[in-house]
Amino acid sequence: CCVFAHTFSDVNFVVLLADDLGYGDLGCFGRKNISTPHIDSLCRDGVALRQFLTAGPVCTPSRAGLLTGRLPRRFGMTANILPWRVMATTGQPTGFPDDETTVVEMLKDVGYATGMSGKWHLGINNKTHQSVHLPKQHGFDSFLGLPYTNMHGCHPGQPQNSSRRDCMIMANNTVVSQPTIYSNLTQALTDHAVSFIKEKALIGQPYFFLMSYVHTHTPLFTSKRFTNVSRGGKFGDNVEEFDDSVGQILAAIEETGLANNTLVLLMSDNGPFREEGWEKSGRTGGLTGGKGQTYEGGIRVPGIARWKGVIPSSKDCVQPISMLDVFPTFAHIANVSLNPSVVLDGENVLDIFRNPTTASRKGKYIWHYCGHNVTAARHGQYKLHFATPIWTSDSRPTPLCTQCCPFGPTSFNGTGGSLCDCAAGDLTFHDPPLIFDMVQDASESTPLSPEDLPNFNQIVSETKQALKEHYDSVHHHKDEMFALPIPNIAPCCKHDHYVSDDVCTCQIYEEGHVYP
């Protein structure tokens with residue numbers, strides 16, 4: 001991917017990645033009944049990215065895009081239907097491919113320390129080798145977190161609690177907690193982040209840290225300190241514990257004297273999980289759709305950039321910014337020359353961060369994939385929909401949600417947990433595509449007609465041609481998503497393969513201990 005320089009900038013990078021957080025779930029993005037003072041301080045001290053767009057509408061492809069600056073379809077990390085739209089189990093023998101260069105590896109190769117806390121969800125083992133898809137194998141020096149994701153069956157009392165095979169915490173490549181203990185999880189992950197930041201500051205080594213929160217993915221959980229504290233209910237409790245963790249990390253950056261030398265980015269992997277129900281999911285702030293969809297509600301999330309002394313404070317940026325921009329922007333700041341033979345789908349947006357009201361993107365298009373295909377495209381102030389989801393909630397009304405698909409193959413008897421899929425039968429196709437003005441109609445409520453938009457036909461024609469050229473640039477790659485699970489390759493505490501729930505049980509994590 002990259003031609004690595006022999007010198008590096010001493011700018012630190014901290015990425016705060018929420019899970020399933022909606023565009024309207026933070027105080028500085030309009031939420032009134034949830035308190036987020038620490039995150040609001042980021043808005044006050046930095047730039048609120050009002051059109052921050054994720055690399056995918058579900059977690060696995062979105063996270064893969066964040067790490068690479070490349071659309072996950074380029075390297076086999078997409079699928080059309082559940083459960084394969086995300087990594088489906090800890091026994092899945094596929095995952096993040098080793099021929100992709102991550103932003104973590106890029107920075108590590110120019111002298112950065114690299115750390116991560118929280119959710120990974122990009123694969124674990126393959127059929128013959130352990131840990132090949134885990135963070136340590138993709139550039140992270142230190143990892144503490146969930147190699148998989150937050151699952152209903154991992155919480156006591158949940159009806160799906162049939163096996164703890166998918167329920168664990170790993171430190172680097174070692175299982176240290178099985179099953180997962182959620183009562184102090186957020187604080188343990190935060191402590192790992194704070195310790196890493198202080199340790200690297202003490203020795204003067206620049207660092208990259210990815211704080212990949214489990215909040216606000218369902219099932220919802222909090223520590224006792226954040227139980228029944230929010231006016232926003234249990235979901236609000238989750239957001240407020242998330243905010244508290246952000247505050248501890250920001251305090252660590254301040255205490256080390258490096259706030260003026262640290263770029264902090266806050267974002268979510270995708271929009272809210274509507275199918276989990278109104279009380280358990282976030283708010284889109286009036287945007288259409290949700291997680292799993294390429295309507296704005298699924299891909300537009302809160303974004304904030306803070307770099308004191310470099311990025312202005314208390315500014316709004318209405319330029320579209322893509323999660324795919326993180327890789328090339330960090331490369332630019334760290335003085336890394338990118339290899340032009342490797343296609344990146346993002347661009348360096350530091351100038352937009354520094355001049356949020358005047359600078360604009362250089363690229364003409366941002367492609368939005370639902371599974372294997374582009375279903376929407378951003379073109380300046382306009383967004384084109386080539387296909388939109390068929391909401392099953394329209395034909396089978398449910399108290400759970402609207403603009404959603406709660407009756408799919410992974411739902412719990414129609415009580416949540418499914419998503420709108422991306423196969424042809426799950427979509428309505430549009431030719432000409434639906435066009436919305438994202439400046440005047442962010443809720444995508446009124447498609448424009450040729451009478452409304454004089455250059456309608458030109459926009460359609462140019463975008464179709466650009467889409468053809470884009471598809472021509474996406475070469476075949478091994479499918480990393482569809483693979484039937486092999487239960488015994490799932491990790492097991494103190495063993496090299498999964499044996500049983502009774503055998504695979506331990507709580508051995510010690511803060512500060514370095515695990516293999």
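For the single chain, residues carry numbers from 1 onward in sequence order. The shown structure was predicted, so the numbers you read here are calculated from the model rather than taken from an experiment.
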Sequence neighbours excluded, the answer for ring-ring contact (aromatic ring centres under 6.0 Å, His included) partners of Y365 is W367, H379
So side-chain hydrogen bond (donor to acceptor under 3.5 Å, both in side chains) across residues 319-328, not counting sequence neighbours, yields D325-R361
Those residues at least two apart in sequence (or on a different chain) that pass side chain to side chain contact (heavy atoms under 4.5 Å, CB included) with L427 are T375, A387, F429
Inspect the contact between R63 and D19 and indicate whether a charged nitrogen and a carboxylate oxygen are less than 4.0 angstrom apart.
-> yes
**Asked** Around K108, counting heavy atoms of other residues, nucleotides and ligands shown, do more than 12 lie under 6.0 Å from its NZ?
**Response** yes
Residues 117-137 vs ring pair (Phe, Tyr, Trp, His ring centres under 6.0 Å), sequence neighbours excluded, gives H121-Y148
Apply side chain to side chain contact (heavy atoms under 4.5 Å, CB included) to residues T505 and Q178 and explain how you reach the verdict. CA-CA 5 Å; T505 301; Q178 194 170 22; 5.9 Å; no
With no hydrogens and no angle check, just 3.5 Å: does a side-chain donor-acceptor pair link R274 and S393? no
Practice task
Compute whether any side-chain donor of one residue and acceptor of the other, for N238 and H215, lie under 3.5 angstrom apart.
Solution key: yes
Does a side-chain N-to-carboxylate-O contact under 4.0 Å join R70 and E100? yes
Quick check: do Y498 and P491 have side-chain heavy atoms less than 4.5 Å from each other?
no
In this structure, OG1 of T180 is separated from CD1 of I169 (nearest 0.5 Å) by 4.5 Å
Contacts of T174 meeting side chain to side chain contact (heavy atoms under 4.5 Å, CB included) (sequence neighbours excluded), chain-then-number -> V176, Y515, P516
Counting only heavy atoms not in E279, do more than 12 sit closer than 6.0 Å to its CD atom?
no
_Pairing donors with acceptors under 3.5 angstrom, does anything connect the side chains of K119 and S212?_
no
Practice item. Answer yes or no: is there a donor N or O on one side and an acceptor on the other, between the side chain of N125 and the main chain of G91, under 3.5 Å? Key: no
Sorted by chain and number, sequence neighbours left out, ring-ring contact (aromatic ring centres under 6.0 Å, His included) with F29 holds for Y23
**Asked** Strictly under 6.0 Å, is that where the ring centroids of Y471 and H372 end up?
**Response** no
>> Determine whether V336 and F330 satisfy the following criterion, side chain to side chain contact (heavy atoms under 4.5 Å, CB included), listing intermediate values before the conclusion.
In response: CA-CA 8 Å; V336 177; F330 285 13; over 6 Å; no
Evaluation steps, salt bridge (Lys or Arg N to Asp or Glu O under 4.0 Å), between R74 and D345: CA-CA 10 Å; R74 295 190 185 277; D345 295 293; 2.8 Å; yes
Check: Does NZ belonging to K478 count more than 12 external heavy atoms closer than 6.0 Å?
Finding: yes
Disulfide (SG to SG under 2.5 Å) filter on C59, not counting sequence neighbours, yields none
- Are the side chain of T329 and the backbone N or O of V326 linked by a donor-acceptor pair below 3.5 Å? no
Here the ring pair (Phe, Tyr, Trp, His ring centres under 6.0 Å) pairs for residues 60-98, sequence neighbours left out, are F75-F96, W84-F482, F96-H138
Verify the distance criterion only: is there a donor paired with an acceptor across the side chains of S245 and Y213 at less than 3.5 Å? yes
S142 side chain to H192 side chain, donor-acceptor N/O pair below 3.5 angstrom: yes
C317 meets the disulfide (SG to SG under 2.5 Å) criterion, sequence neighbours left out, with none
C493/C506 under disulfide (SG to SG under 2.5 Å): CA gap, chis, key distance, verdict: CA-CA 6 Å; C493 184; C506 70; 1.8 Å; yes
F353 meets the ring-ring contact (aromatic ring centres under 6.0 Å, His included) criterion, sequence neighbours left out, with none
* Do F143 and M170 have side chains that get closer than 4.5 Å, going by heavy atoms? -> yes
- Message: Run the side chain to side chain contact (heavy atoms under 4.5 Å, CB included) test on H152 and E276 for me, step by step, so that the C-alpha distance in whole Å, both residues' side-chain angles and the decisive distance to 0.1 Å come before the verdict.
- Response: CA-CA 11 Å; H152 283 267; E276 284 286 86; 2.9 Å; yes
ring-ring contact (aromatic ring centres under 6.0 Å, His included) with F13: of F327, Y207, Y112, only one passes, and it is Y112
inquiry  = Are the side chains of V214 and L185 in contact, using a 4.5 Å heavy-atom criterion?
reply    = yes
Flag the pair P302 / M267 as yes when at least one side-chain heavy-atom distance between them is below 4.5 Å, and no otherwise. no
Would the pair C404 and C420 meet an SG-SG distance criterion of under 2.5 Å?
no
Residue set satisfying ring-ring contact (aromatic ring centres under 6.0 Å, His included) with F436, at least two apart, ordered chain then number -> H385
So salt bridge (Lys or Arg N to Asp or Glu O under 4.0 Å) across residues 283-300, not counting sequence neighbours, yields D20-K291, E296-R300, E296-K383
Check: Distance only, no hydrogens: is a donor on one side chain within 3.5 Å (strictly under) of an acceptor on the other, for T36 and E240?
Finding: no
> Do N270 and S62 have side-chain N/O donor and acceptor atoms under 3.5 Å apart?
Replying inline: no
